[in-house]
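Read the structure below first, then the notes.
In listed order, ligands and their atoms are each counted from 1.
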Amino acid sequence: MRTAYRTIRPLLFSLPAETAHGAVHRGLNAIQHTAIEDRLRDRLVVDDDRLAVEAFGQSFSNPVGVAAGFDKNAELPAILGALGFGHVEVGGVTARAQPGNPRPRMFRLVEDRAIVNRMGLNNEGAEAVGERLRTSPDPGIPVGVNVALSEATDADDAPEDYRYTYERVADVAEQGSAACRTSSGTVADYLAVNVSCPNSEGMRELQNRDALEAILGELVDAGASPLLVKLSPDLPGPAIEDALAVVDDFDLDGVIATNTTTDRPSGLKSPNRAETGGLSGKPIEARATEMVRFVAERTDVPVVGVGGVSDAAGAYAKIRAGASLVQLYTGLVYEGPTLARDINEGLLELLEEDGFESVEDAVGADL
Ligand SMILES: Cc1cc2nc3c(=O)[nH]c(=O)nc-3n(C[C@H](O)[C@H](O)[C@H](O)COP(=O)(O)O)c2cc1C
């Protein structure tokens with residue numbers, strides 16, 4: 001299957017990045033809930049207790065998840081589970097449907113194994129995504145929902161905007177509906193507050209202490225739990241410390257580090273480095289790992305490590321730096337559908353080499 005992806009990748013890469021993503025999305029959707037899904041699950045799910053992670057009250061069968069942005073409208077959790085991922089973070093979801101920025105808005109930097117995107121949070125809106133989550137069959141893996149600020153909402157009204165979205169993706173328990181399908185009894189197994197998207201005007205300013213307190217206070221008041229916050233790799237140290245103080249004050253359940261960066265590290269080769277937007281993939285890997293370490297050294301809550309993961313060594317480095325779970329998006333574009341399996345198998349070898357009994361045993365080993 002890895003070879004099969006190597007064969008079709010040039011074809012996909014001959015298409016504009018978003019067109020290729022759409023084709024992959026439709027393909028995955030077409031085989032979801034079919035016999036092919038079962039066959040993929042048999043081949044790609046690595047079933048080994050040493051990979052299991054307990055974090056923020058949820059059980060993950062392995063630490064490798066799909067990062068926000070890949071499945072914006074929660075259409076693919078089951079098939080992503082069959083590809084061997086241990087969780088998926090759907091979204092970013094906003095209060096109302098929004099179209100995002102004009103196309104083109106997603107660019108491959110092939111020589112750099114990276115992507116620049118300025119999607120601008122295109123999604124079907126909280127009502128539609130909540131309804132889909134409620135009515136879809138159990139995907140068998142935890143599903144987090146990434147909640148973001150609506151384009152049309154002023155920063156001052158952000159707390160109510162986030163609350164509106166939260167209530168639409170997490171209202172099943174309150175309704176006591178028999179359709180409730182996750183272990184926690186709500187539609188979302190966790191809520192990730194996205195205050196770090198670089199493509200939405202003013203959003204990253206919501207990471208400052210006052211704004212974050214207002215948003216998280218509103219969500220805690222609404223009963224959001226488990227509640228995590230996703231941070232930008234562009235935050236300077238003192239600003240991260242401020243954000244972590246708020247995480248502490250509100251007793252949040254975890255921190256996701258990191259989102260994409262507006263920086264362009266020197267050494268990028270692709271001409272697409274000049275495109276405006278957030279950079280992801282290989283060039284942000286080391287920086288994201290450093291941020292995982294910085295956060296893990298300063299907090300007791302689980303850290304989700306994201307940024308440039310594309311192999312077992314990269315996932316393991318984030319785990320040793322303090323990540324309980326890792327997520328990826330860009331790696332999937334370059335490495336293809338066997339990536340979760342390859343990482344999980346590689347992690348088992350690395351754990352064995354270093355004498356760890358489990359992933360949980362290795363979390364923070366380098367701290
Ligand atoms: C096309 C694209 C869309 C994204 N959309 C979102 C989003 O809606 N919300 C979010 O929090 N992060 C979003 N991200 C960021 C990813 O979740 C992740 O934090 C980032 O890409 C770094 O991981 P990676 O190097 O494995 O891609 C997006 C990334 C890409 C490439």
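Crowding of Asp47 atom CG: a count of heavy atoms from other residues, nucleotides or ligands under 6.0 Å not exceeding 12. The number of heavy atoms from other shown groups lying within 6.0 Å of CG (Asp42) is above 12. Around atom CZ of Arg6, no more than 12 heavy atoms belonging to other residues, nucleotides or ligands sit under 6.0 Å away. Other residues, nucleotides and ligands contribute more than 12 heavy atoms inside 6.0 Å of the CD atom of Glu111. Enclosure of atom CD in Glu297 by more than 12 non-hydrogen atoms of other residues, nucleotides or ligands within 6.0 angstrom is indicated. Surrounding CG of Asp49 are at most 12 heavy atoms belonging to other residues, nucleotides or ligands under 6.0 Å away.
Distance from atom 30 (C) of ligand 1 to its nearest protein heavy atom, with residue and atom name: Asn117 ND2, 3.3 Å. Atom 7 (C) of ligand 1 has as its closest protein heavy atom Gly92 N, 3.7 Å. Here the protein heavy atom with the shortest distance to atom 20 (C) of ligand 1 is Thr260 CG2, 3.8 Å. Counting protein heavy atoms only, atom 4 (C) of ligand 1 is closest to Gly69 CA, 3.6 Å. For atom 21 (O) of ligand 1, the closest non-hydrogen atom of the protein is Ser280 CB, 3.3 Å. The protein atom (non-hydrogen) at minimum distance from atom 26 (O) of ligand 1 is Tyr329 N, 3.0 Å. Given atom 27 (O) of ligand 1, the protein heavy atom at minimum distance is Thr330 OG1, 2.6 Å.
In this structure, Gly281 is part of the shell of residues with a heavy atom less than 4.0 angstrom from ligand 1.
Cation-pi check for Arg50 over Phe356 is not met; the charged atom does not lie both under 6.0 angstrom from the ring centroid and within 45 degrees of its normal.
Atoms CG and CZ, from Asn123 and Arg96 in turn, are 12.0 Å apart once rounded to the nearest 0.5 Å.
Compare Glu285, Lys230, Arg108 by their heavy atoms: the one nearest to atom 10 (C) of ligand 1 is in Lys230. Evaluated by nearest non-hydrogen atom to atom 16 (C) of ligand 1, the leading choice among Ala68, Pro233, Gly307 is Ala68. For atom 15 (C) of ligand 1, the nearest non-hydrogen atom from the set Asn259, Leu332, Leu279, Leu328 comes from Asn259.
Counting heavy atoms under 4.0 Å from ligand 1, residue Asn194 touches it through the side chain alone. Under 4.0 Å from ligand 1, not a single heavy atom of Asn123 appears. Here Lys72 has side-chain heavy atoms under 4.0 Å from ligand 1, and that is the only part of it that gets that close.
When all heavy atoms are compared, the tightest approach of Arg341 to Arg43 is CD-O, 3.5 Å. Of all the heavy atoms in Ile256 and Val306, the pair that sits closest is CG2-CG2, 3.5 Å.
The aromatic rings of His25 and Phe70 lie tilted to each other, with the angle between the two planes from 30° to 60°.
Residue Thr258 has at least one heavy-atom neighbour below 4.0 Å for each of these atoms of ligand 1: 19 (O). Per-residue contacts place Gly308 under 4.0 angstrom from the following atoms of ligand 1 (heavy atoms of the residue considered): 24 (P), 25 (O), 26 (O). Interface of Leu121 with ligand 1, defined as ligand atoms under 4.0 Å from a residue heavy atom, comprises 8 (O).
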